[in-house]
Participant: 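Structure provided below as structure tokens; questions to follow.
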Amino acid sequence: MTCTTHNNHEHKHSTGCGHKGIKHEDHIDYLHEDHLHHMHGDHVDEHSLSQSNQNKSTCTPEHKCSTHEASHKHGIGCGHEAVPHDNHVDYLVGEHLHHPCNDHCDHHGYVAIA
Ligand SMILES: [Zn+2]
Ligand SMILES: [Zn+2]
Ligand SMILES: [Zn+2]
Ligand SMILES: [Zn+2]
Ligand SMILES: [Zn+2]
Ligand SMILES: [Zn+2]
Ligand SMILES: [Zn+2]
């Protein structure tokens, strides 16, 4: 994983810092500003979940989810936290990822909330 540094990030993420932590490979990242932040020494890296068996970037039109109204459109400020995945942005709904797709949400797999 390359080290992409988030500029001028004063806040230090840690357990109980107020941001949601999710397990990513062998570490914990924090959801902040629509990014996946990883504390790396004295700076913050931007992480993105990769495509994997657990988190597949597939279209799942059959996914019927009762966690939000069918008419809900995910986007900035929709109330769900954005999670970078592969080369797109998903939204965390409960413990799984939704990707807005035409008239439905794709299910991009589960994440482990730390
Ligand atoms: Zn934090
Ligand atoms: Zn990470
Ligand atoms: Zn960032
Ligand atoms: Zn789809
Ligand atoms: Zn769902
Ligand atoms: Zn939403
Ligand atoms: Zn996704």
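Both ligands and their constituent atoms are indexed starting at 1 by order of listing.
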Participant: Could you tell me whether any N, O or S atom belonging to His38 is less than 2.8 Å from the Zn ion (ligand 2)?
Facilitator: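 Here the distance criterion (N, O or S atom, under 2.8 Å) is not met by His38, so no.
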
Participant: Compute the angle centred on the Zn ion (ligand 3) spanning OE2 of Glu46 and ND1 of His35, and express it rounded to 10 degrees.
Facilitator: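 For OE2 of Glu46 and ND1 of His35, the angle centred on the Zn ion (ligand 3) reads 110°.
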
Participant: Quick one: angle His24 ND1 - the Zn ion (ligand 2) - Asp29 OD2, to the nearest 10°?
Facilitator: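 ND1 of His24 and OD2 of Asp29 make an angle of 90° at the Zn ion (ligand 2), to the nearest 10°.
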
Participant: Applying ring-ring contact (aromatic ring centres under 6.0 Å, His included) between His11 and each of His19, His37, His43, report the one that passes.
Facilitator: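 That would be His19.
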
Participant: Under 2.8 Å from the Zn ion (ligand 3) - does any N, O or S atom of His32 fall there?
Facilitator: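 Looking at His32, which is the residue asked about, there is no N, O or S atom under 2.8 Å from the Zn ion (ligand 3).
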
Participant: Just to verify, which of Lys73, His98, His80 counts as forming a side chain to side chain donor-acceptor pair (under 3.5 Å) with His68?
Facilitator: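 Checked Lys73, His98, His80 against His68; only one passes side chain to side chain donor-acceptor pair (under 3.5 Å): His98.
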
Participant: Using the Zn ion (ligand 6) as the vertex, how large is the angle between SG of Cys78 and ND1 of His74, rounded to 10 degrees?
Facilitator: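 The two atoms subtend 120° at the Zn ion (ligand 6).
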
Participant: Do you know which N/O/S atom name in His80 is closest to the Zn ion (ligand 6)?
Facilitator: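 Nearest N/O/S atom of His80: ND1.
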
Participant: Taking the N/O/S atoms of His6 one by one, which is nearest to the Zn ion (ligand 3)?
Facilitator: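 Of the nitrogen, oxygen and sulfur atoms in His6, the Zn ion (ligand 3) lies nearest to ND1.
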
Participant: Tell me whether His68 has at least one N, O or S atom under 2.8 Å from the Zn ion (ligand 6).
Facilitator: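 Of the N, O and S atoms in His68, none lies under 2.8 Å from the Zn ion (ligand 6), which means no.
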
Participant: If you stand at the Zn ion (ligand 2) and look out to NE2 of His27 and ND1 of His47, what angle do those two lines make, to 10°?
Facilitator: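 Between NE2 of His27 and ND1 of His47, the angle at the Zn ion (ligand 2) is about 100°.
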
Participant: What I'd like to find out is whether the side chain of Val44 reaches to under 4.5 Å of the side chain of Met39, using heavy atoms alone.
Facilitator: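 SC-SC contact between Val44 and Met39 confirmed.
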
Participant: Please identify which of these residues, His88, His104, His63, meets the ring-ring contact (aromatic ring centres under 6.0 Å, His included) condition with His99.
Facilitator: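 So, applying the ring-ring contact (aromatic ring centres under 6.0 Å, His included) to His99 and each of His88, His104, His63, only His88 qualifies.
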
Participant: Indicate yes or no: at least one non-hydrogen side-chain atom of His32 is less than 4.5 angstrom from one of His13.
Facilitator: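 Yes, side chains in contact.
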
Participant: What I'd like to find out is whether the side chain of Leu92 reaches to under 4.5 Å of the side chain of Lys20, using heavy atoms alone.
Facilitator: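 Side chain of Leu92 against side chain of Lys20, heavy atoms only: contact under 4.5 Å found.
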
Participant: Can you tell if the side chain of Val83 reaches within under 4.5 Å of the side chain of His108, non-hydrogen atoms only?
Facilitator: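 Contact flag for Val83/His108 side chains = no.
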
